[in-house]
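Below is one structure; the comments refer to it alone.
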Amino acid sequence: MAQYIKPRVPRGMRDILPEQMIRRQYVIEVIRNVFEEFGFEPLQTPAMELSEVLTGKYGPDAEKMIYQAGHTGGKEDISLRYDLSVPLCRVVAMYPQLPKPFKRYQIDPVWRAERPQKGRYRQFFQCDADTVGSESMLADAENVNLIYQVLSRLGFKGFQIHLNDRKVITGIGLFSGVPSKQLGGLYRSIDKLDKIGLDGVTAELRENEIPEDVIAKLLTLLQIEGDSDSVLSELEDQLGEYEIAHEGISELRDLISFMDTLGIPETSYQINVSMVRGLEYYTGPIYETVQDASIGSITGGGRYDELIGSFSKQGFPATGTSFGIERIIDLMNASDMYPSTVGKTVTQVLMTVFDDTLMSESLKLATRLRQGGIRTEVYHRPGKLSTQMKYADTKGIPYAVILGSDELAAGNAAIRDMSSREQEDVPLDRIVDKIQQLISC
RNA sequence: GUGGAUGUAGCUCAGGGGUAGAGCGCCUGACUGUGGAUCAGGAGGCCGUGGGUUCAAUCCCCAUCAUCCACCCCA
């Protein structure tokens with residue numbers, strides 16, 4: 001008895017079988033179309049980067065989750081990429097001649113060595129669109145527009161794009177008077193507002209020995225709600241004396257003004273002072289989208305004006321957003337949000353093979369179907385139509401073409417509509433036209 | 001890294017100290033030129049892995065691994 005290796009994949013990684021792959025390709029296609037519609041162009045970078053390119057960019061917590069990719073005898077210290085933004089910055093610094101603004105999109109896997117759970121994988125695809133070389137809030141407004149367009153076209157309703165600004169957050173830090181060492185913990189507690197509520201945040205702040213008067217001041221900030229104009233003027237009242245916060249507030253004002261002009265409905269976004277985002281490299285507006293609290297955010301992004309400067313004397317302002325398609329697909333699967341054109345199979349016709357003597361006739365007809373642009377599978381074992389029908393049915397192939405001796409004698413073949421079970425004899429030279437017509441409607 | 005739950009047929013799961021069951025799925029036939037129904041057969045499991053207790057373990061105990069969930073953090 002042979003010793004078998006138990007077939008399995010690394011934890012947090014998975015195979016995507018054809019039926020799921022078809023859905024995934026549909027989602028990616030929608031995203032790609034929107035990206036290109038806005039003038040973003042494709043880019044690909046290696047799955048691995050030199051470790052030095054990745055370190056020191058994400059913050060200490062995130063950095064622990066970078067996969068080391070060395071091999072025995074390897075001389076280079078290399079790692080699997082953690083996201084697509086840092087490689088982009090490396091590219092921009094490496095090819096300074098790229099015309100600015102440089103707008104690129106990238107749809108590729110990234111790796112994070114964390115504990116898998118719902119909506120969290122160790123290998124997952126990010127779909128990023130970024131603009132390098134524009135300090136205008138228009139670039140950020142376009143990012144938000146991408147989010148709005150993609151999610152709307154995929155059929156999402158009721159999603160909320162949360163907006164904030166790193167400069168406002170810094171202002172909150174100054175405002176609270178908390179020593180810089182404790183700021184991380186402060187932001188983390190604030191970030192949990194949506195999850196644990198005001199009382200929960202208060203309790204956490206007390207545990208972290210934040211002074212009561214600071215807590216009281218923070219709470220008034222965190223309770224600011226309403227339309228973006230009133231939130232912004234309230235923030236200005238509270239934080240305006242801090243220059244950095246003032247800057248952040250006016251960035252958000254510009255951003256929202258562009259968003260309005262671009263036609264993004266007010267109901268789809270909100271300013272959320274408590275939304276922090278963990279990655280260290282953000283410097284300005286930040287945004288993330290929540291659809292279903294149980295699965296976390298489905299998009300995330302923001303401005304990172306300093307990151308390219310860590311690779312080159314010549315820095316560039318940059319901003320971008322990222323779609324997490326694993327989570328988007330998980331949500332779409334749960335609510336079956338796919339149009340009927342997204343089927344179980346890419347095959348459009350099963351060419352049956354009646355018996356050995358008719359194999360060559362079937363193959364010739366299949367070739368004509370393919371030349372007519374019809375995706376055609378030929379059944380490989382002649383005989384027993386019932387088996388072939390069952391196969392077409394199980395796979396969800398919409399049409400079967402039957403070429404038996406009777407049909408051939410009459411110069412016909414039968415086209416069977418698998419869902420209606422209706423069947424029609426059609427002259428052989430009209431088969432391609434007929435099926436093209438059936439498929440297009 | 002921390003805590004909790006679960007690992008039995010391809011899938012969903014039941015069971016219980018004496019080496020195993022259901023439903024669905026799969027294969028074959030009734031249906032010798034036609035798939036979603038019915039009926040009849042059939043294939044398929046060292047009960048996650050390693051140790052311990054026992055005359056005996058899939059069941060009890062320990063360890064380990066994996067999966068899921070939560071925390072941390074994130075898409």
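Per chain, numbering begins at 1; letters A, B, ... match sequence-line order.
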Spacing of the P atoms in C59(B) and G17(B) (rounded, Å) | 12 Å
Atom-pair distance (CE on Met389(A); P on C31(B)), nearest Å | 19 Å
If you look at every strand shown and take non-hydrogen atoms under 4.0 Å, does Phe125(A) touch a base, only sugar-phosphate, or nothing?
-> nothing
Go ahead and name the base partner of A66(B); Watson-Crick or wobble counts if both distances stay under 3.5 Å, otherwise write none.
-> U6(B)
Which listed nucleotide (A70(B), A75(B), G33(B)) is nearest to the side chain of Arg115(A)?
-> A70(B)
Tell me: CG of Asp191(A) to P of C72(B), nearest whole Å?
-> 10 Å
G45(B) pairs with, by Watson-Crick or G-U criteria that keep both distances under 3.5 Å | none
Rounded P spacing from G50(B) to C13(B) in Å = 25 Å
How far, in whole Å, is C26(B) from A37(B) if one measures between their P atoms?
-> 9 Å
Does any donor atom in the side chain of Asp191(A) or Ser189(A) lie under 3.5 Å from an acceptor atom in the other side chain?
-> no
Electrostatic pair Arg303(A):Asp305(A) at N-O distance under 4.0 angstrom = yes
Return the nearest nucleotide to the side chain of Lys390(A); candidates are A75(B), G33(B), C27(B).
-> C27(B)
Nearest listed nucleotide, side chain of Leu385(A), among C68(B), G33(B), A75(B) | G33(B)
Mind checking who G33(B) pairs with, Watson-Crick or G-U wobble, both distances under 3.5 Å?
-> none
Mind calculating the distance between CZ (Arg11(A)) and P (C69(B)) to the nearest angstrom?
-> 12 Å
Paired nucleotide for A14(B) [Watson-Crick or G-U wobble; both distances under 3.5 Å] | none
For Arg416(A), report the nucleic acid contact type (base, sugar-phosphate, nothing); a contact means any heavy atom under 4.0 Å.
-> base
Side-chain-base donor-acceptor pair under 3.5 Å for Gln388(A) and U34(B) | no
Could you check whether Thr299(A) gets within reach of a base, just the sugar-phosphate, or nothing at all, counting any heavy atom under 4.0 Å?
-> sugar-phosphate
Ile402(A) near the nucleic acid: base, sugar-phosphate alone, or nothing, with a heavy-atom cut-off under 4.0 Å?
-> base
Nearest whole angstrom, please: distance from the C1' of U28(B) to the OH of Tyr391(A).
-> 20 Å
State, without any angle test, whether Asp165(A) and Tyr282(A) hold a side-chain donor-acceptor pair at a distance under 3.5 Å.
-> no
Scan side-chain atoms only and decide if Thr347(A) and Tyr399(A) contain a donor-acceptor pair under the 3.5 Å cut-off.
-> no
Which nucleotide sits closest to the side chain of Lys384(A): U34(B), A75(B), U32(B)?
-> U32(B)
Considering every strand shown, what is the Watson-Crick or G-U wobble mate of A20(B) when both distances are under 3.5 Å?
-> none
Within this structure, what is the CG-to-C1' distance between Leu151(A) and A75(B), rounded to whole angstrom?
-> 12 Å
G33(B) base to Gln423(A) side chain: any donor-acceptor pair below 3.5 Å?
-> no
At under 4.0 Å, does any side-chain N or O of Arg120(A) touch on OP1 or OP2 of A75(B)?
-> no
Do the side-chain N and O atoms of Thr321(A) and Thr299(A) include a donor-acceptor pair separated by under 3.5 angstrom?
-> no
With both distances kept under 3.5 Å, what pairs with G1(B), Watson-Crick or G-U wobble?
-> C71(B)
G33(B), A75(B), G35(B): which one has an atom nearest the side-chain heavy atoms of Glu407(A)?
-> G33(B)
Quantified in whole Å, what is the P atom distance between nucleotide G51(B) and nucleotide A56(B)?
-> 15 Å
A75(B) pyrimidine/purine six-ring stacking with Phe323(A), under 5.5 Å and 30° | no
Evaluate the side-chain proximity of Phe354(A) to Ser405(A): yes if any heavy-atom separation is below 4.5 Å, no if none is.
-> yes
When you compare C65(B) with U49(B), how far apart are their C1' atoms, in angstrom units rounded to a whole number?
-> 7 Å
Is the NZ or CZ atom of Lys57(A) positioned over Tyr281(A)'s six-membered ring, under 6.0 angstrom from the centre and within 45° of the axis?
-> no
For nucleotides G48(B) and C55(B), find the distance between their C1' atoms and express it as a whole number of Å.
-> 27 Å
Step through it carefully: locate the ring centre of Tyr105(A), locate the ring centre of Phe40(A), and say whether they are under 6.0 Å apart.
-> no
Nearest-nucleotide comparison on RNA chain B, the residue closer to the 5′ end among Gly324(A) and Lys195(A) = Lys195(A)
Given the P atoms of C27(B) and G35(B), what is the spacing between them in whole Å?
-> 14 Å
Answer with base, sugar-phosphate or nothing: what part of the nucleic acid does Thr321(A) contact at a heavy-atom distance below 4.0 Å?
-> nothing
Between C60(B) and A22(B), how far apart are the P atoms? Round to whole Å, please.
-> 23 Å
Base, sugar-phosphate, or nothing for Asp83(A), non-hydrogen atoms under 4.0 angstrom?
-> nothing
What's the closest nucleotide to the Met418(A) side chain, out of G35(B), A66(B), G33(B)?
-> G35(B)
Counting heavy atoms from C-beta on, name the nucleotide in G33(B), G35(B), C72(B) closest to the side chain of Lys192(A).
-> C72(B)
For the side chain of Arg421(A), counting heavy atoms from C-beta on, which of A75(B), G36(B), U34(B) is nearest?
-> G36(B)
Just call it for Glu114(A): base, sugar-phosphate, or nothing, with non-hydrogen atoms closer than 4.0 Å on any strand.
-> base
Rounded interatomic separation in angstrom, taking NZ from Lys64(A) and P from U2(B) = 13 Å
Between atom CG in Asp425(A) and atom P in U34(B), what is the gap in whole Å?
-> 15 Å
Is there a Watson-Crick or G-U wobble partner for U28(B) with both distances under 3.5 Å, and if so, which one is it?
-> A40(B)
Which nucleotide, U34(B), C72(B), G36(B), lies nearest any side-chain atom of Gln117(A)?
-> C72(B)
Stepwise salt bridge (Lys or Arg N to Asp or Glu O under 4.0 Å) check, Arg120(A) with Glu326(A) = CA-CA 8 Å; Arg120(A) 171 168 312 188; Glu326(A) 327 295 326; over 6 Å; no
Lys118(A) side-chain proximity, nearest of A70(B), A75(B), G35(B) = A70(B)
Does Gly12(A) or Arg327(A) map to a spot on RNA chain B nearer the 5' end, using the closest nucleotide for each?
-> Gly12(A)
Can you check the Ile415(A) CD1 to G33(B) P distance for me, whole Å?
-> 22 Å
